[in-house]
Protein chains: 2
Amino acid sequence: MNIGDVAERSGLPAKTIRYYEDIGLIRPHRSANGYRCFVESDLHKLAFLARARALGFSIEDCRTLVGLYEDESRASADVKDLAQQHLRKIDAKISDLEAMRNTLSELVECCAGDDRPDCPILRGLAT
Amino acid sequence: MNIGDVAERSGLPAKTIRYYEDIGLIRPHRSANGYRCFVESDLHKLAFLARARALGFSIEDCRTLVGLYEDESRASADVKDLAQQHLRKIDAKISDLEAMRNTLSELVECCAGDDRPDCPILRGLAT
DNA sequence: CTTGACCTTCTAGTTACTGGAAGGCTCAAA
DNA sequence: TTTGAGCCTTCCAGTAACTAGAAGGTCAAG
């Protein structure tokens, strides 16, 4: 398979796949013409990476997850720990965003939104 | 005021204040010795920026907001539009994060988290 | 033999800072 | 008067995870 095929089948842009090779997440073989030559297991790994990234895991977390995935003697506790840490980060981000949303939506609701200059949003920011 | 004073009073690191000058958000005067020399209005603007950033507005949004703030003939509708757009982005981010959290916490709950290799989290990612 | 769709590498840009190096200024103590 | 601490300055590089674009090689079809 060439990069275009795995891009389509994994849902990852070709650029991203090349980047993942650059940083050592995958190691596809090369054909005689220099093209990357992917086998099924490369595709499988890329799909794994795509899903882990979609769940918000960082690239370094993904590297660890792939390592655990390929380690037949892993302890599921290690995977769970990583996932729980990530879950806590997600929760923290959600809290931050909700705090922002609450403050901002209060200000927005107070704003007439007409052609006059008086604006509670700006007043709130300037306070 | 020197940069250390405004840093303390605005809550922004000195590095960040220098950066804001670099990108043209503020234009403090200089003393004879080359030190930046801040007046109250600079401090006020920095505090405004700090609050806008804390609400998640991008630097470019902040630039626009400062412009509106300083424009006595602004229409509050312009401010409100900007804020509402930002609110929608925040809501979208929260939705994304909640989707991640839901999927991930389901997987986490299914995982024994012991020393055995069998792991529903990895299976979920590999599917 | 050319055309178009692939593929390659390389450089640089994105966001909003942050860390660190190398060096100048200021003020108080010895 | 010198010295030292603690400010300040600029400039360069690094962060995360790509993404855009340029310049050029390869391949299959017509």
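Just the heavy atoms: all of them, side chains too, but no hydrogens, waters or symmetry mates, feed the values below. Here is how names work: the chains are called A, B, and so on, in the same order as the sequence lines, proteins then strands, and each is numbered from 1. All values derive from a computational prediction rather than experimental measurement.
- Separating the CD atom of A/Glu21 from the P atom of C/dC7 is a distance of 14 Å, rounded to the nearest angstrom.
- Over its length, the helix from C/dC1-D/dG30 to C/dA30-D/dT1 turns its helix axis by 30°, as judged from the five terminal pairs at each end, rounded to 10°.
- Side-chain N/O atoms of B/Arg18 include none lying less than 4.0 angstrom from OP1 or OP2 on D/dC8.
- Taking the nucleotide of DNA chain D with the nearest heavy atom to each of B/Asn2 and A/Pro13, the more 5' of the two is matched to B/Asn2.
- The distance from atom CZ of B/Phe57 to atom C1' of C/dC17 is 20 Å, rounded to the nearest whole Å.
- Distance alone, capped at 3.5 Å, is enough to place a donor-acceptor pair between the B/Asp42 side chain and the B/Val39 backbone.
- Put simply, CD1 on A/Ile26 is 15 Å from C1' on D/dA17, counting in whole angstrom units.
- Without hydrogens or angle criteria, B/Asp114 side chain to B/Arg116 main chain gives a donor-acceptor distance under 3.5 Å.
- Within the structure, salt bridge (charged side-chain N to carboxylate O under 4.0 Å, His left out) contacts touching residues 13-27 of chain A (residues at least two apart or in different chains) are A/Glu21-A/Arg30, A/Glu21-A/Arg36.
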**Request:** Quick one, give me the B/S/- string for nucleotides 20-27 of chain D, reading 5' to 3', where B means a protein heavy atom under 4.0 Å from the base and S means that only happens at the primed atoms, P, OP1 or OP2.
**Result:** BB---BBS
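- Counting any heavy atom pair closer than 4.0 Å across all strands shown, B/Ile23 reaches no nucleic acid atom.
- Contact check, A/Thr16 against D/dT19: a side-chain N or O comes under 4.0 Å of OP1 or OP2.
- Going from atom CG of B/Asp22 over to atom C1' of D/dC12 covers 13 Å, rounded to whole Å.
- In this entry the distance linking OH of B/Tyr19 with P of D/dT10 reads 16 Å, nearest Å.
- The salt bridge (charged side-chain N to carboxylate O under 4.0 Å, His left out) check on B/Glu40 picks up B/Arg9, with sequence neighbours excluded.
- Within the 4.0 Å cut-off from OP1 or OP2 of C/dC17, at least one side-chain nitrogen or oxygen of B/Tyr20 is found.
- In this structure, B/Ile3 and B/Phe38 approach most closely via the heavy-atom pair CA-CE1, 3.6 Å.
- Taking atom CD of residue B/Glu8 and atom C1' of nucleotide D/dC7, one finds them 13 Å apart after rounding to whole Å.
- The distance between atom CG of B/Leu49 and atom C1' of C/dT15, rounded to the nearest whole Å, is 16 Å.
- A distance-only check finds no donor-acceptor pair linking the side chain of B/His86 to the backbone of B/Asp61 [under 3.5 Å].
- The two residues A/Cys111 and A/Ile121 come nearest to each other via the heavy atoms CB-CD1, 3.8 Å.
- When the salt bridge (charged side-chain N to carboxylate O under 4.0 Å, His left out) test is applied to A/Asp91, the partners found at least two apart in sequence or on another chain are B/Arg101.
- Taking 4.0 angstrom as the limit, B/Arg36 places a side-chain polar atom (N or O) nearer than this to OP1 or OP2 of D/dT9.
- If you take CD of A/Glu60 and P of D/dT15, they are 11 Å apart, rounded to a whole angstrom.
- Annotation: side-chain hydrogen bond (donor to acceptor under 3.5 Å, both in side chains) contacts involving residues 45-54 of chain B, sequence neighbours excluded, comprise B/Lys45-B/Glu70.
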